[in-house]
Amino acid sequence: MTVLLQPGEGPVDGDHYLPADPELVHWGLLPNARSEPVLTIRSGETVTLDTISHEGILGDQGRDPAAFFGAAGIPGTALLADAVALAASPREHDASTRGPHVVTGPVAVRGARPGDVLEAEVLSLRRRAPYGAISNRHGRGALPAEYPEPPATVHSVVATVGDDGRGRLPVGDGRHLSFRLRPFLGIMGVAPATEADVHSVPPGRHGGNLDVRHLLAGSRLFLPVQVPDALFYAGDPHFSQGDGEVALTAFEAPLRATLRVTLHSGPDARALAARLRAPYAETADEVIVLGLDADLDEAVRYAVRDALALLDHRHGIPGPVGLAYLSAAADFQISQVVDGVKGVHGRLAKADLTAPRAETPANGR
């Protein structure tokens, strides 16, 4: 077992530290316009957030992480204190009206106004524990009529991190499947402009449960601000996920995340955000656009339209040429099919888009 990152212990990379206090986290609902911030920061500052995985603390798993993980050989001394405290707390969690996710925040960003853009740059993601779980439950996932296999309603597998730094998934006959770990936060978002409850499962223009596996350390997510001070939050930590997330969850496991939060309030940033239907992201090599809809075909169309809007806004590429380029060179992949609102992400190579614009002669010819 590797060292646990218990609350308040171990390295903190950011200017501010926000633990996943069981009394302050949001469980199953996202922050909304009525939510009070638990931390206030300035644009450009960095914040380290502890996140809790919902796997092992949910009611359908017994709401007893010691028993759940103990059955897989994880000792009680290897449990995170904040996860144990949340599971043991009197806080209600009604799975029929709320999502499973535990969310840390919200963080107020001074001066953020609706229409601005909040950039969340992922600086580091540290594993808080060397284990987690992957679950298929209640007839959900890509094969809801087939899995979980009856009579089970939940099938959870505890996975671990091997000495080689790879994931280890027990087959059940003494063998293990080994796979690469790519940690990321499934949920990053801002509060939507509503006072109604915001279920944690479906993603939207506010971000939320995007489950885009490319939002690794080094990536930047751009979120359209919808309420004053933005009210940023994060959660749903993953050690790895495949595109589609077909079982329902991926390798859900706790992370300590450090992010730099930067506010963009200039006219160009606001104009691009107004043209896009969803957040967008950047990595060192790619621009990533998103399409979100309950209909997967419609989600593809939205992603393509946002890609065309970005190509026009940033590079002056007309629609017919942009569509030809997307068809020839961009990748449109399924983020997830399990969150009610399905997700598609389009990946555009930055190297393809570095050619300077042609200059227009002074006489217009």
> Stepwise, does the side chain to side chain contact (heavy atoms under 4.5 Å, CB included) test hold for Arg277 with Arg205?
Replying inline: CA-CA 6 Å; Arg277 295 183 60 98; Arg205 196 165 188 269; 5.8 Å; no
> By salt bridge (charged side-chain N to carboxylate O under 4.0 Å, His left out), which residues pair with Arg260, not counting sequence neighbours?
Replying inline: Glu121
>> Is it true that, when you exclude Arg347 itself, more than 12 heavy atoms of the residues, nucleotides or ligands shown sit nearer than 6.0 Å to its CZ?
In response: yes
>> Suppose the criterion is salt bridge (Lys or Arg N to Asp or Glu O under 4.0 Å): which pairs have a residue in residues 231-252, not counting sequence neighbours?
In response: Arg213-Asp243
>> Quick one about His206 and Gln226 (side-chain donor to acceptor, distance below 3.5 Å, no hydrogens or angles considered), yes or no?
In response: no
> Does Val304 have any side chain to side chain contact (heavy atoms under 4.5 Å, CB included) partners at least two apart in sequence or in another chain, and if so, which?
Replying inline: Val300, Leu308, Leu323, Leu326, Phe332
> Can you tell me if CZ on Arg42 sees more than 12 non-hydrogen neighbours from other groups inside 6.0 Å?
Replying inline: no
> With Asp116, which residues qualify under salt bridge (charged side-chain N to carboxylate O under 4.0 Å, His left out), at least two apart?
Replying inline: Arg113, Arg270
Kindly list each side-chain donor-acceptor pair under 3.5 angstrom involving residues 165-177, sequence neighbours excluded, with atom names and distances?
residue: Arg166; atom: NE; partner: Ser178; partner atom: OG; Å: 2.8
residue: Arg166; atom: NH2; partner: Ser178; partner atom: O; Å: 3.3
residue: Arg168; atom: NH2; partner: His176; partner atom: ND1; Å: 3.2
residue: Asp173; atom: OD1; partner: Arg175; partner atom: N; Å: 3.1
residue: Asp173; atom: OD1; partner: Arg175; partner atom: NE; Å: 3.2
residue: Asp173; atom: OD2; partner: Arg175; partner atom: NE; Å: 3.0
residue: Asp173; atom: OD2; partner: Arg175; partner atom: NH2; Å: 2.9

> When rounded to the nearest 0.5 angstrom, what is the spacing between CG in Leu29 and CZ in Arg98?
Replying inline: 4.0 Å
> Between Pro318 and Asp312, is any pair of side-chain heavy atoms under 4.5 Å apart?
Replying inline: no
>> Using 0.5 Å steps for rounding, measure from the OG1 atom of Thr249 to the CG atom of Asp211.
In response: 9.5 Å
> For the residue pair Ser35 and Pro106, what are the closest heavy atoms and their distance?
Replying inline: CB-CG, 4.2 Å
> Can you check whether Phe184 and His238 have ring centres sitting under 6.0 Å from each other?
Replying inline: yes
>> Quick check: closest heavy atoms across Gly204 and Pro279, and the distance to 0.1 Å?
In response: O-CD, 3.7 Å
> Same hydrophobic cluster for Phe232 and Val117, using side-chain heavy-atom links shorter than 4.5 Å among ILVMFWY?
Replying inline: no
> So which pairs with a foot in residues 186-201 pass side chain to side chain donor-acceptor pair (under 3.5 Å), sequence neighbours left out?
Replying inline: His101-Ser200
> Looking only at heavy atoms, what is the nearest atom pair of Leu80 and Pro254, with distance?
Replying inline: CD1-CG, 3.5 Å
>> Side chains of Leu49 and Tyr17, heavy atoms from C-beta outward: is any pair under 4.5 Å?
In response: no
>> Is there a side-chain contact between Phe239 and Val161 in this structure, where contact means two heavy atoms from C-beta onward sitting under 4.5 Å apart?
In response: yes
> Should Met188 and Leu259 count as side-chain neighbours, where that means a heavy-atom distance under 4.5 Å?
Replying inline: yes
> Taking the inter-plane angle between the rings of Tyr280 and Phe222 on a 0 to 90° scale, is it parallel (under 30°), tilted (30 to 60°) or perpendicular (over 60°)?
Replying inline: parallel
> For the hydrophobic clusters of this structure (ILVMFWY residues joined by side-chain heavy atoms under 4.5 Å, transitively), does one cluster hold both Leu30 and Val190?
Replying inline: no
> If every non-hydrogen atom of Asp13 is compared with every non-hydrogen atom of Ser124, which pair is closest and at what distance?
Replying inline: OD2-OG, 2.8 Å
>> Does anything in residues 321-330 form a salt bridge (Lys or Arg N to Asp or Glu O under 4.0 Å)? List the pairs, not counting sequence neighbours.
In response: none
> If you take all heavy atoms of Ala253 and Gly132, which pair is closest and at what distance?
Replying inline: CB-CA, 3.9 Å
> For the hydrophobic clusters of this structure (ILVMFWY residues joined by side-chain heavy atoms under 4.5 Å, transitively), does one cluster hold both Leu216 and Leu125?
Replying inline: no
>> Just so I know, are the side chains of Leu353 and Leu311 near enough to count as touching, which here means a heavy-atom distance under 4.5 Å?
In response: yes
>> For residues 142-159, which residue pairs pass the side chain to side chain donor-acceptor pair (under 3.5 Å) check, not counting sequence neighbours?
In response: Gln61-Ser156, Ser135-Ser156
>> Connecting only ILVMFWY residues whose side-chain heavy atoms lie within less than 4.5 Å of each other, what is the rest of Leu123's hydrophobic cluster?
In response: none
> Taking only residues two or more places apart in sequence, or in another chain, which ones meet Asp50 in a salt bridge (charged side-chain N to carboxylate O under 4.0 Å, His left out)?
Replying inline: Arg128, Arg256
>> According to salt bridge (Lys or Arg N to Asp or Glu O under 4.0 Å), does anything in residues 51-79 pair up with another residue at least two apart or in another chain? List the pairs.
In response: Glu55-Arg137, Asp60-Arg137
> Roughly how far apart are Arg126 CZ and Thr258 OG1, rounded to 0.5 Å?
Replying inline: 7.0 Å
>> Using salt bridge (Lys or Arg N to Asp or Glu O under 4.0 Å), reason through Asp306 and Arg275 one step at a time and then give a plain yes or no.
In response: CA-CA 8 Å; Asp306 269 16; Arg275 293 186 65 176; over 6 Å; no
>> What verdict does the side chain to side chain contact (heavy atoms under 4.5 Å, CB included) test give for Val107 and Ile41, after you've listed the backbone C-alpha separation in whole Å, the side-chain angles of each residue and the deciding distance to 0.1 Å?
In response: CA-CA 7 Å; Val107 176; Ile41 66 174; 3.8 Å; yes
>> Could you report the tightest heavy-atom contact between Ala284 and Lys350, atom names first, then the distance?
In response: O-CD, 3.7 Å
> Given Gln241 and Arg182, is the side chain to side chain contact (heavy atoms under 4.5 Å, CB included) satisfied, shown in steps?
Replying inline: CA-CA 8 Å; Gln241 178 190 299; Arg182 292 169 56 91; over 6 Å; no
> Does the side chain of Val47 reach to within under 4.5 Å of the side chain of Asp15, using non-hydrogen atoms?
Replying inline: no
>> To the nearest 0.5 Å, what is the distance between CD1 on Ile57 and CZ on Phe69?
In response: 9.0 Å
> Between the side chains of His313 and Asp268, is a donor N or O closer than 3.5 angstrom to an acceptor N or O?
Replying inline: yes
> In terms of hydrophobic clusters joined by side-chain contacts under 4.5 Å, are Leu181 and Leu185 together?
Replying inline: yes
> Within a radius of less than 6.0 Å around CD1 of Ile317, do more than 12 heavy atoms belonging to other residues, nucleotides or ligands occur?
Replying inline: yes
> Would Leu39 end up clustered with Val225 when hydrophobic side chains under 4.5 Å apart are linked, directly or stepwise?
Replying inline: yes
>> I'd like to know whether Arg91 forms a salt bridge (Lys or Arg N to Asp or Glu O under 4.0 Å) with Glu23, so could you lay out the CA-CA distance, the side-chain angles of the two residues, the decisive distance to 0.1 Å, and finally the verdict.
In response: CA-CA 8 Å; Arg91 292 189 57 172; Glu23 295 184 0; over 6 Å; no
> Roughly how far apart are Arg110 CZ and Asp229 CG, rounded to 0.5 Å?
Replying inline: 9.0 Å
> In Å, rounded to the nearest 0.5 Å, how long is the span from CG of Leu58 to NE2 of His93?
Replying inline: 6.0 Å
> Step by step, would you call Glu119 with Leu221 a side chain to side chain contact (heavy atoms under 4.5 Å, CB included)?
Replying inline: CA-CA 6 Å; Glu119 173 190 336; Leu221 178 65; over 6 Å; no
> Can you name the residues that form a salt bridge (charged side-chain N to carboxylate O under 4.0 Å, His left out) with Arg140, not counting sequence neighbours?
Replying inline: none
